[in-house]
Structure formats: C-alpha cells, structure tokens
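Inspection log for the structure reproduced underneath, given as structure tokens.
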Amino acid sequence: MSLKITEVGPRDGLQNESKEISTEDKLAFIRKLQSAGISNIEATSFVKKEAIPQLSDAKELSASLHWKEGTNFSALTPNLKGYLAAKEAGFREVAVFTAASESFTKRNINRTVAESIEGFREIFREAHKDGIRVRGYVSTVIDCPYEGKIPPEKVLEIAKILLDQGAYEISLGETIGTAVPTEVERLLAKLLKEIPSQKLAGHFHDTYGMAIANVEKSFELGIRSFDSSAGGLGGCPYAKGASGNLATEDLLYFFQKSGIQTGIDLSKLIEASSFMEAALGRKLASRTYIALKAKASS
Ligand code: HMG
Ligand code: MG
C-alpha cells in the first residue's frame, strides 16, 4: 500500500478554535490544500451545533466545496442524522467515531461505547446501500484524559467490531498526544496480530512533541496511512490540554527527507497554513512550518 495522508485541519484543526472562521475562509483554506496536492481532506463534521459551533456551517461549506476529481472529501458523522446530512451534502465518505474509553465517549458523544457502536449500525447499513465509504475512529487508544492508561485489548475489541460492521479503515486516535513509541509499539503489536496493517491509520496529536516519533514507529511496523493537520492546527474540546494534530508539514518533511514520496507540494501547503494563521490571528506551532516560512521570506 502506498502512503496515504488524510488532512484533518479543516475538521479536527478548526473544531477547537474559539475564533469563528468564516465559511469563505474555510473554503479558501481547503482550496489551497487541494492546490498543494492533498487528495484526502476531512472537510467538516455533521454534529450537534452546540457541541462544535465552529463547524455548524457544514451544509453551507459543502455546497461550495470544489468537488474536483481527485479529492476525496470526508465528514465526521456521529449518528444517522449526521450521516443523512453528509450524504445530502454530497459526501462519498464519512467517518464514525467512538473511543476505547467510556468516560471520553460519554463526554464526546453522550453515549456509552456500546451505545455508540449500536448507533453506527444504521449508518453502516445506509452507507452500504448508498455506496458511501465509512472510516472508523477509535479515540484514546493509549491514554484517556479521564481514565488514564487504556489496555490495547480494548482498542482491538472496538476496532474489530467497526471493521466487522463495514469500516474500510480504522484511524487510531492518540487523542491527547501523550504516547511515546514504545507504547505505540505495544498497541500495534496487539492489533497487528488480528488486523492487517492496511486497515489501520495513525492519528497522532502532538501535545508532547512525540507525534513524529510515533509515526516513524508505526511506519516501521507497516502502517501507511496517517492523519495530520496543516500547521499543526487542532485540539479536542473534550480532552483538556490536548494540543493540535501532528502538523502535515512535519509529516511531509519527515517523509521527503526519508526518500518517501508523498505527492504533496510542501511550499504550497505552507501557503495554506499561512492563510489560516492570518485568519486565526495566532501563530501556528509546526516547527517545519515556522522554519520553512522563515527561510522563504529571508
Ligand atoms: P445528544 O444531545 O445526546 O443528541 O448529542 P440527541 O440525539 O439527544 O439530540 C439532541 C439534539 O441534537 C436534537 O436537537 C438533535 O436533533 C440534535 P433538538 O431536537 O434538541 O433541537 N442532533 C444533531 N444536530 C445536528 N447534527 C447531528 C445531530 N444529532 C443530534 N448529527 C451527539 C449526541 C453525538 C449528537 C453530540 O454529542 C455531538 O454532536 N457530539 C459531537 C462531538 C464532536 O464532534 N467531537 C469532536 C470530534 S471527535 C475527535 O475530535 C476525535 C478524533 O479527532 C480522533 C482523536 O483525536 O482521537 C476524531
Ligand atoms: Mg483528533
């Protein structure tokens, strides 16, 4: 399997930003991501407005997305209502999301893990009929902000259920960015005994600066699908203190210097991040972004 990068900046990146970003600015950001050659973009989520006010323009945003050939847009959908809205908006891929921790799941989607999985059944059933691809997220795969260490067995159990239900890939959410490679190795050692590496993706947050090391470990163990956000945007409203996702710039720099093709133009990506940095009015955290931007302007 060749490398797959899913840009989650417009969804995971923006969902936690308190400054309201206009739909026009989100669309311009997404267009710039497309221009950089990013082909998998998680554009928004169809969730309860009060839960994530920043993304409550999902319908309007989708109406003006540039659905050009070659871009696979996806949207997060917690329930059938969200799924139907995403389908109506034109998405051909959705992502369901639950967690390996009860407390996190309760706070995030007001369900037990079992209830969330039960609720996804109708999404999988409809998506199967509609020919829409479903990705499955499992959050808190190593640490939970409320429950601490999560046993790999729990992650395996949930990932297997979502795959059985019809998810084409499971994105492993390292939600609070606390994990180190030895922990990732322990988790993957468990999962890879029963799940092929092509069905797993790494979704690392970068709170402690360990995300790229965790990518390297995952890559070494056969994982070829990673989520990241431009400039390192992001966080999680239900995981206090969690900072952004692994920056797409850091991921690209790492792969390019390691001789692995990504098909993404790093300098154009910097333009996308720079645009969003100005719209947000705050500095983005990605080391690679900061270094390359400074170099370009010197
Ligand atoms: P609830 O309050 O239990 O829902 O919320 P409900 O079914 O009781 O409905 C309550 C109201 O919400 C109703 O409206 C519904 O219509 C409405 P009312 O009749 O009162 O006017 N509603 C909706 N509206 C729009 N879209 C929908 C929808 N569903 C119900 N889809 C619910 C449960 C799941 C809806 C809520 O908790 C929610 O929307 N949560 C989303 C939280 C979220 O987006 N979190 C961030 C994403 S997860 C993440 O970031 C982690 C990840 O990045 C991986 C990682 O890093 O680990 C993916
Ligand atoms: Mg996330």
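First listed ligand is number 1; within each ligand, the first listed atom is number 1. Computed from a prediction, not measured in an experiment: that's the story for all the values here.
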- Query: With respect to the Mg ion (ligand 2), what is the nearest N, O or S atom of Asp12?
  - Reply: OD2
- Item | Which N, O or S atom of His205 lies nearest to the Mg ion (ligand 2), by name |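 Atom name returned: NE2.
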Going by the atom numbers of ligand 1, which of them fall below 4.0 Å from some non-hydrogen atom of [X]?
X     : answer
Gly82 : 31 (N)
Leu76 : 47 (C)
Asp12 : 50 (O), 53 (O)

- Step through the shown structure and confirm whether more than 12 heavy atoms of other residues, nucleotides or ligands are within 6.0 Å of CD on Glu115. yes
- Task: Would you please determine whether Glu50 falls within less than 4.0 Å of ligand 1 on a heavy-atom basis?
- Result: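 It does not, in that no heavy atom of Glu50 comes within the 4.0 Å cut-off of ligand 1.
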- Item | Any Arg111 heavy atom less than 4.0 Å to ligand 1 | yes
Purely on distance, is any nitrogen or oxygen of [X] under 3.5 Å from one on ligand 1?
X      : value
Ala51  : no
His203 : yes
Tyr137 : no

- Task: Assert yes or no for the condition that the ring centre distance of Tyr83 to Phe46 is strictly below 6.0 Å.
- Result: no
